[in-house]
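Just so we're on the same page: letters track the sequence lines, and every chain starts at 1. No experiment lies behind these values; they were computed from the predicted model shown.
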2 protein chains.
Amino acid sequence: MTGTPVTTQTVEAGTSLSATIVTYDDGMADSAPLDPDMFTGCPPVAAPIRIGDKWTAKIIRCLESGPRRFTELQTPLRGITPKVLTASLRAMERDGLLTRTAYDEIPPRVVYELTDLGRSLLEPMNAGCEWSRRHLDALMRARDSWSAAVP
Amino acid sequence: MTGTPVTTQTVEAGTSLSATIVTYDDGMADSAPLDPDMFTGCPPVAAPIRIGDKWTAKIIRCLESGPRRFTELQTPLRGITPKVLTASLRAMERDGLLTRTAYDEIPPRVVYELTDLGRSLLEPMNAGCEWSRRHLDALMRARDSWSAAVP
DNA sequence: CGGAATCCGATAAGATACTG
DNA sequence: CAGTATCTTATCGGATTCCG
């Protein structure tokens, strides 16, 4: 057994947990020796969607309580660069998760607001939070005993 | 507006949807002009966890109906290389999501099986599937009208 | 204020070949 | 069969600078 870490993670103090949904194509083979209904309930889609990237769920959380401006998002999402925030917001706007409203003023003012579709994501996100609340300690304990047993 | 795609995605026919939970640190600032209870219910954790990578959820689906061997996972997860499958399985084993049982035979036989903890992830995963089932068409329509309006 | 442009580094993941 | 080893690539996100 080599010491190669399988997943690397940065350890920081005082962080919180967020939960999001990732949807993407799964590319399961038809010839698989598995129940062909394994993915029943997951509708086929041509273009995979990713809402499980680093920022999308956090942005949704930030907008949960109401519309916010660019800077009002940038501040709580500390560390996000304008480029990444812009890209995330554009993608979410494109997917109908939020709206972007620019007022023609000086200085400029742009307001982002969740759509109903974007707000609907809170439901599965909360399911993820609920899982964390219930099972995360078990996972952390498993991880601890692994480091204790394997080193 | 440049034509730079915000999120790139490969478009394939005949793929299905999968949904998984991502948990990671969110690094929200304390000084944010936001409801400090924004993340209420998301317990703090020192080591971020990612179960939203490309393969974890699919592996859980593959194991949902019972234990399977390495090759029996590799086949339905077409395209996964042994290296990546091994890394994913090791990480999941470390986190207590599945067990690895190696039988001392020739040829070797190794069986992977979900733990209760791993199986518990099906719940939030299904919540994500349910969201897809209900709202994915709305998202796709939003995306389509975006391409129609912007180009 | 709300971005855009450019450059750069880390990491996940794929391709390929080999082995007990 | 169940991996390991090595190399390469792609993508994401971060840092920095500049602009209307």
Residue-phosphate contact under 4.0 Å: Arg100(B) side-chain N/O, dG3(D) OP1/OP2: yes

Under 3.5 Å donor-acceptor pair, Lys83(B) side-chain atoms to dG3(D) base atoms: no

Ile80(A) CD1 to dG2(C) C1', straight-line distance once rounded to whole Å: 14 Å

Contacts of Val110(A) that satisfy side chain to side chain contact (heavy atoms under 4.5 Å, CB included) - sequence neighbours left out: Arg100(A), Ala102(A), Tyr112(A)

Short side-chain to backbone donor-acceptor contact, Ser88(A) and Thr56(A), under 3.5 Å: no

Check: Ala142(A) main-chain N/O paired with Ser145(A) side-chain donor or acceptor under 3.5 Å: yes

Ser120(B) vs Met125(B), side-chain contact (heavy atoms from CB on, under 4.5 Å): CA-CA, chis, key distance, verdict: CA-CA 9 Å; Ser120(B) 74; Met125(B) 280 171 58; over 6 Å; no

Separation of atom CD in Glu72(B) from atom P in dA2(D), rounded to whole Å: 8 Å

Shared hydrophobic cluster, Leu117(A) / Ile60(A) (ILVMFWY, side-chain heavy atoms < 4.5 Å): yes

4.5 Å side-chain heavy-atom contact, Glu64(A) and Leu122(A): yes

Nearest-Å distance for atom pair CD/P, residues Glu93(A) and dG2(C): 15 Å

Out of dG14(C), dG3(D), dG14(D), whichever nucleotide has its closest atom nearest the side chain of Phe70(B): dG3(D)

Closest to the Thr86(B) side chain, choosing from dG13(D), dA15(C), dG3(D): dG3(D)

Atom pair distance, as rounded to whole Å: CZ in Arg68(A) and C1' in dC1(C): 17 Å

Length of the CG-C1' vector between Leu73(B) and dG3(D), whole Å: 13 Å

Test item: Thr115(A) and Thr99(A) side chains (from C-beta on) under 4.5 Å apart, heavy atoms: yes

Short side-chain N/O contact to dC1(D) OP1/OP2 from Tyr112(B), under 4.0 Å: no

Between dC1(D) (C1') and Leu85(B) (CG): distance, integer Å: 13 Å

Short side-chain N/O contact to dA2(D) OP1/OP2 from Arg69(B), under 4.0 Å: yes

Atom-to-atom span, CG of Asp53(A) to P of dA10(D) - whole angstrom: 21 Å

Proximity to DNA chain D (any heavy atom under 4.0 Å), residues of residues 102-109 of chain B only: Pro107(B), Pro108(B), Arg109(B)

Short side-chain N/O contact from Thr71(B) to OP1 or OP2 of dA2(D), under 4.0 Å: yes

Rounded interatomic separation in angstrom, taking CG from Leu89(A) and P from dA4(C): 10 Å

